[in-house]
Amino acid sequence: MQVHLVAAGKYHDIDFARLELLKLFAEHAAIRTSVSSDYADTDRIAAADLLVTYTCDLVPDAAQTEAIAGWLERGGRWLALHGTNSLLRFADDGKVDCPDDNPTFMALLGTRFAGHPPIAPFKVEVTRADHAMTHGLRDFSIEDELYLSHRTAEIDVLLHTSFTGSCPEFRDAEWDDPQVPVLYERRVGHGGVLYLTLGHCRGHYDLRPLSRFWPHPQHCGWNYPVFYELLRRGIRWGLPQLD
């Protein structure tokens, strides 16, 4: 079984996330993994049973987006994590814009990142308990980035939270959303996308050039067993032949 991992981008400890994901793949002797830092290797994506992405401010170009769309239509499965749906632009007034510069890609994913409040604990609720990803799970609390996104296509929400308040760093600052997707599934042709928004991580040097040194390394969801359980279930969702 072939897994292709795209792990790259800004403002996160990509090395940490990449290593943790590779450890999870290594729990299955039948998995063979290729790794890249962008979406350029469309041949490997086309040959993969499962695409896994942990990125921030990194999106494919038009041809690469078309290749991913075709792969999904043919039955490919994509486990998208945390910042995969993010595009960030720092404006002169200090606000962070999240432009709609690749609507085709965001439509494939089903959401487009728009902001997050300061990292703090929040409650995650089970939206659908009858799905393999959530069966037997209870509501839980977690400290992580609470991702706020605009929906770009029809999605099936499996876990959610709610948020009313402000994201002062972002242009799209004020929110009142009773159902913020934390985990959702989206069918595309014969394949599909499973998106888990949790999993922020940052080391001392990951905010360069915005900040030379970040004093407080963050592992957020990676500190919680329930996050690893969701990742393991996500791998099995993407590779049902493991069962």
Side-chain angles (χ1 to χ4, degrees), residues 1-9 12 14 17-18 20-22 24-87 100-113 131-133 147 149-158 181 183-199 230-243:
M1 286 166 280
Q2 297 293 323
V3 174
H4 186 62
L5 172 63
V6 178
H12 291 75
I14 300 295
R18 182 191 299 115
E20 291 302 295
L21 291 167
L22 289 171
L24 292 174
F25 302 147
E27 293 178 355
H28 303 280
I31 289 179
R32 292 294 177 268
T33 307
S34 55
V35 182
S36 70
S37 57
D38 56 32
Y39 293 93
D41 199 340
T42 53
D43 288 342
R44 285 196 181 274
I45 294 174
D49 300 290
L50 174 63
L51 171 66
V52 180
T53 54
Y54 187 98
T55 67
C56 177
D57 198 27
L58 178 74
V59 297
D61 63 23
Q64 294 161 5
T65 301
E66 183 178 358
I68 294 169
W71 171 77
L72 287 169
E73 289 284 346
R74 294 189 298 272
R77 293 195 171 196
W78 180 5
L79 175 58
L81 302 172
H82 196 50
T84 298
N85 67 347
S86 65
L87 279 172
D100 192 13
D101 286 353
N102 196 326
T104 304
F105 178 69
M106 299 304 176
L108 280 180
L109 283 171
T111 58
R112 176 173 60 84
F113 173 75
H131 193 281
M133 285 296 302
Y147 258 36
S149 299
H150 298 300
R151 301 191 191 194
T152 58
E154 185 176 345
I155 61 175
D156 183 7
V157 179
L158 306 178
L183 174 70
Y184 67 81
E185 186 177 30
R186 166 164 158 69
R187 295 294 179 183
V188 182
H190 295 289
V193 176
L194 186 71
Y195 201 123
L196 177 60
T197 66
L198 302 174
L230 289 169
L231 291 175
R232 288 185 172 98
R233 292 188 185 197
I235 292 168
R236 288 191 173 276
W237 169 91
L239 298 170
Q241 57 269 52
L242 283 175
D243 295 326

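Numbers for residues simply follow the sequence, beginning at 1.
Put simply, CG on L24 and CD1 on I235 are 5.0 Å apart, with the number rounded to the nearest 0.5 Å. To the nearest 0.5 Å, atoms CZ (R232) and CG (L242) are separated by 13.0 Å. For the atom pair OG1 of T55 and CD1 of I14, the computed distance is 7.5 Å after rounding to the nearest 0.5 Å. From L183, atom CG reaches atom OG1 of T197 across 8.0 Å, with rounding to the nearest 0.5 Å. One finds the OG1 atom of T53 at 7.0 Å from the CG atom of L109 (value rounded to the nearest 0.5 Å). If you take CG on L158 and OH on Y184, they are separated by 11.0 Å, rounding to the nearest 0.5 Å.
The minimum heavy-atom distance between R18 and A7, with the atom names listed, is NH2-O, 3.2 Å. Nearest heavy atoms, L108 versus R186: O-NE, 2.9 Å. Across every non-hydrogen atom of L58 and Y39, the tightest pair is O-CE1, 3.8 Å. Residues I155 and P181 approach most closely at CD1-CG, 3.9 Å, considering heavy atoms. Of all heavy-atom pairs between G76 and L72, the closest is O-CD2, 3.3 Å. Residues S37 and A8 share a closest heavy-atom pair of O-CB, 3.1 Å.
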TODO: Check the pair T111 / Y147 against side chain to side chain donor-acceptor pair (under 3.5 Å), numbers first and verdict last.
DONE: CA-CA 11 Å; T111 58; Y147 258 36; over 6 Å; no
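Every side-chain contact (heavy atoms from CB on, under 4.5 Å) that R77 has, sequence neighbours left out, goes to L50, R187, W237, P240.
Aromatic ring orientation, Y54 versus H82: parallel (interplanar angle below 30°, classes split at 30° and 60°).
The closest side-chain heavy-atom distance from V188 to E73 is below 4.5 Å. Taking the side chain as every heavy atom from C-beta outward, W71 and T42 never approach each other to under 4.5 Å. Between E20 and L231, every side-chain heavy-atom pair lies at or beyond the 4.5 Å cut-off. Here the side chains of H28 and R236 are in contact, with some heavy-atom distance below 4.5 Å. Side-chain contact check for S34 versus D41: every heavy-atom pair is 4.5 Å or farther apart. The shortest side-chain heavy-atom distance between D101 and V59 does not fall under the 4.5 Å cut-off. Residues E185 and M133 have side chains not in contact (no heavy-atom distance under 4.5 Å, counting atoms from C-beta outward). By the 4.5 Å heavy-atom criterion applied to side chains, V157 and R151 are counted as neighbours.
Surrounding CD of E154 are at most 12 heavy atoms belonging to other residues, nucleotides or ligands under 6.0 Å away. Shown here is R44, whose CZ atom has no more than 12 heavy atoms of other residues, nucleotides or ligands within 6.0 Å. Annotation: H190, atom NE2; neighbour count of heavy atoms from other residues, nucleotides and ligands within 6.0 Å does not exceed 12.
In terms of modelled atom types and a separation under 3.5 Å, the side chain of S86 and the main chain of D57 share a donor-acceptor contact. In this structure, N85 contributes its side chain and M106 its backbone to no donor-acceptor pair below 3.5 Å. At least one donor-acceptor pair closer than 3.5 Å links the side chain of T152 to the backbone N or O of G110. Of the possible polar contacts, one joining the D49 side chain to the Q2 backbone as a donor-acceptor pair under 3.5 Å is found. In this structure a side-chain-to-backbone donor-acceptor pair under 3.5 Å is present from Y195 to T84.
No side-chain donor-acceptor contact under 3.5 Å links T65 and T104.
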